[in-house]
Amino acid sequence: MAWDFSTDPEFQDHLDWLTELMHTDIEPLDHYFRGRSPFDKTDEEVQSQLRRIQEKVKDRGLWACHLKPEMGGMGFGQVQLALMNEILGRSSFGPSAFGSQAPDSGNAEILAHYGNDEQKEKYLKPLLAGEISTCYSMTEPQGGSDPNHFTCTAHRDGDEWVINGEKWFASNYPRAEFLIVMLITNPDVSVYRGSSMMLVPHDAPGLELVRNVGVGGERRGHGSHSYLRFNECRVPAENLMGEEGAGFKIAQTRLGGGRVHHAMRSVGTAKKAFDMMCERALSRETKGSLLAEKQAVQHMIADSWIQVEQFRLQVLHAAWQIDQSDTSKARLYIAGVKVATPRVLMDVVFRSMQIHGSLGMSNETPLANMWMMAPTFGVADGPTEVHKDTIAKQVLKDYRPSEGLFPTEHLPAKIEWAQQVMAERIEQELLNA
Ligand SMILES: Cc1cc2nc3c(=O)[nH]c(=O)nc-3n(C[C@H](O)[C@H](O)[C@H](O)COP(=O)(O)OP(=O)(O)OC[C@H]3O[C@@H](n4cnc5c(N)ncnc54)[C@H](O)[C@@H]3O)c2cc1C
């Protein structure tokens, strides 16, 4: 019997160390550097504090551990990475301290997987050293969910690729040293076979920043999701990553593990909102009793606990599925956690805000920021509806239509069948008596 929900003591040691580091070193950065970004490599004050923590992480052997050892990481399985990300999800500086921040972690993964030696030396090495930030750009203004609408192209001209078209919501472009861009290199076949990945330097000639788009209440022009235009933008021929036409395959490699890590970080975020909810319920008194003694509040706590617990186990199970096979075979489970993430986060953060009353709506708790994050998980990396389509298609592969006019479980037929089975059994028993 191999069902086991425990963590082996050696790895638990790492998790305990991480929890302590989070409390003593990382979480203070969230508050001290509020409004400043761990991605901004030009912010020397932030970077020097981060470097101090990153050294500790490297000494412990936990740096960029989503990568395989031959690629410069620890080669941890997805379950281990999920458990680490659960803790890291409590702080916006956490992933940067461990070299596992998106989009850099996914970009490092595909560079390690598909990059050639020169590309690894030039792009992966400084990325793994934590010296640079990067960007991943696939979505276009006229189409995000459906790659069939992508029109941004690259064609070969001598020793160069020439890129034309637009990209939208390229997160982290303002601070990125380079972008990994998905481009149509063969418009005569489907995007699934006709797209390629290209490494594009931040200031490649012909790459125009139309504007930086923010989320929620961010001031206009101050966001970090860029609208980009490529006007005859030229990059050297050797900037193609992997095979020509392999763009979609590379994108899939990148997204699987990343979605599980996002989900587990959301477990950490939801758990933080839940912890706040419980503390507040035990601290605030109204109409003669504590909030915690009111049935309506107890139900909110119970519903939240159940959702977080279910979600946590679902994410760990999806991670385990990837460890058992690979990302492509675990598609159903990954899509499942992708769909569950915004729902759980929205429900739990909403209840926590409600229980905190006016304080919950204010800018004096982390709850409002968590609330803003929740819907983005329902859209980024593909919207919920598309992942639900995937789930249904995968699930239906295991089913067949009923053979007759009525369903297999139609009771009149079932009763007739049971009568026949039982009659034969009774007859057999009489014969044996
Ligand atoms: C915070 C954030 C960060 C992002 N970062 C990046 C990034 O770094 N790089 C990048 O390339 N992209 C990025 N994106 C873009 C993201 O990948 C796209 O937003 C996503 O793929 C959806 O595309 P869209 O926004 O064009 O929505 P659309 O494709 O226009 O879809 C809009 C809505 O239509 C509905 N819908 C879509 N398809 C279906 C369907 N098949 N069935 C039923 N309903 C459907 C859904 O409700 C969906 O939300 C980011 C997005 C967000 C919110």
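Positions are given from 1 along the sequence. When a ligand or atom number is given, it counts from 1 through the structure's own listing order.
- Residue A380 has no nitrogen or oxygen atom sitting less than 3.5 Å from a nitrogen or oxygen atom of ligand 1, judged on distance alone.
- For atom 4 (C) of ligand 1, the nearest non-hydrogen atom from the set G223, A102, S171 belongs to S171.
- By the 30° and 60° cut-offs, the orientation of the rings of Y173 relative to H202 is parallel.
- Looking at R234 and D157, a side-chain N of the basic residue comes within less than 4.0 Å of a carboxylate O on the acidic one, giving a salt bridge.
- Classification of the H410-F406 ring pair by plane angle, with boundaries at 30° and 60°, yields parallel.
- The closest protein non-hydrogen atom to atom 49 (O) of ligand 1 is P383 CB, 3.5 Å.
- The closest approach between G382 and ligand 1 falls below 4.0 Å for a heavy atom of the residue.
- Distances below 4.0 Å separate heavy atoms of S137 from the following atoms of ligand 1: 11 (O).
- Between E385 and ligand 1, at least one N/O pair is under 3.5 Å apart.
- Taking a cut-off of under 4.0 Å to the non-hydrogen atoms of D381, the atoms of ligand 1 that pass are 17 (O).
- Ranking the protein heavy atoms by distance from atom 40 (C) of ligand 1 puts V386 CG2, 4.0 Å first.
- Protein heavy atoms are absent from the 4.0 Å sphere centred on atom 34 (O) of ligand 1.
- Residue T139 has at least one N or O atom closer than 3.5 Å to an N or O atom of ligand 1.
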Could you walk me through whether E243 and K249 pass salt bridge (charged side-chain N to carboxylate O under 4.0 Å, His left out), step by step? CA-CA 10 Å; E243 303 274 305; K249 190 171 138 209; over 6 Å; no
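- For ligand 1, the polar-atom distance check against S145 finds a nitrogen or oxygen pair separated by under 3.5 Å.
- Between atom CG of residue L183 and atom CD of residue E140 there is a gap of 8.0 Å, rounded to the nearest 0.5 Å.
- Applying the side-chain hydrogen bond (donor to acceptor under 3.5 Å, both in side chains) rule to pairs touching residues 75-89 yields Q78-H261, N85-R265, E86-R312, sequence neighbours excluded.
- Taking every non-hydrogen atom of M138 and a distance limit under 4.0 Å, the qualifying atoms of ligand 1 come out as 10 (C), 11 (O).
- Not one N or O of A170 is nearer than 3.5 Å to an N or O of ligand 1, by distance alone.
- Residue Y136 approaches ligand 1 through these ligand atoms, each under 4.0 Å from one of its heavy atoms: 7 (C), 8 (O), 9 (N), 10 (C), 11 (O).
- Taking a distance limit of 4.0 Å, we find that atom 31 (O) of ligand 1 is approached by some protein heavy atom.
- Of the protein's heavy atoms, F169 O, 3.2 Å lies nearest to atom 13 (C) of ligand 1.
- For E44, the CD atom is densely surrounded, since the number of other residues' heavy atoms within 6.0 Å is greater than 12.
- A centroid separation of less than 6.0 Å is found between the aromatic rings of H317 and W320.
- Environment of NZ in K122: sparse, with no more than 12 heavy atoms of neighbouring residues, nucleotides or ligands closer than 6.0 Å.
- In terms of protein heavy-atom proximity, atom 24 (P) of ligand 1 is nearest to G144 CA, 3.9 Å.
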For Y114 and T253: C-alpha separation, side-chain torsions, deciding distance, then whether side chain to side chain donor-acceptor pair (under 3.5 Å) applies. CA-CA 10 Å; Y114 296 97; T253 312; 2.9 Å; yes
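- Per-atom contact check: atom 2 (C) of ligand 1 touches the protein, criterion being a heavy-atom distance below 4.0 Å.
- Heavy-atom contacts from other residues, nucleotides or ligands closer than 6.0 Å to CD of Q298 number more than 12.
- Side chains of T153 and N164: no donor on one and acceptor on the other come within 3.5 Å.
- Counting protein heavy atoms only, atom 25 (O) of ligand 1 is closest to V379 CG1, 4.2 Å.
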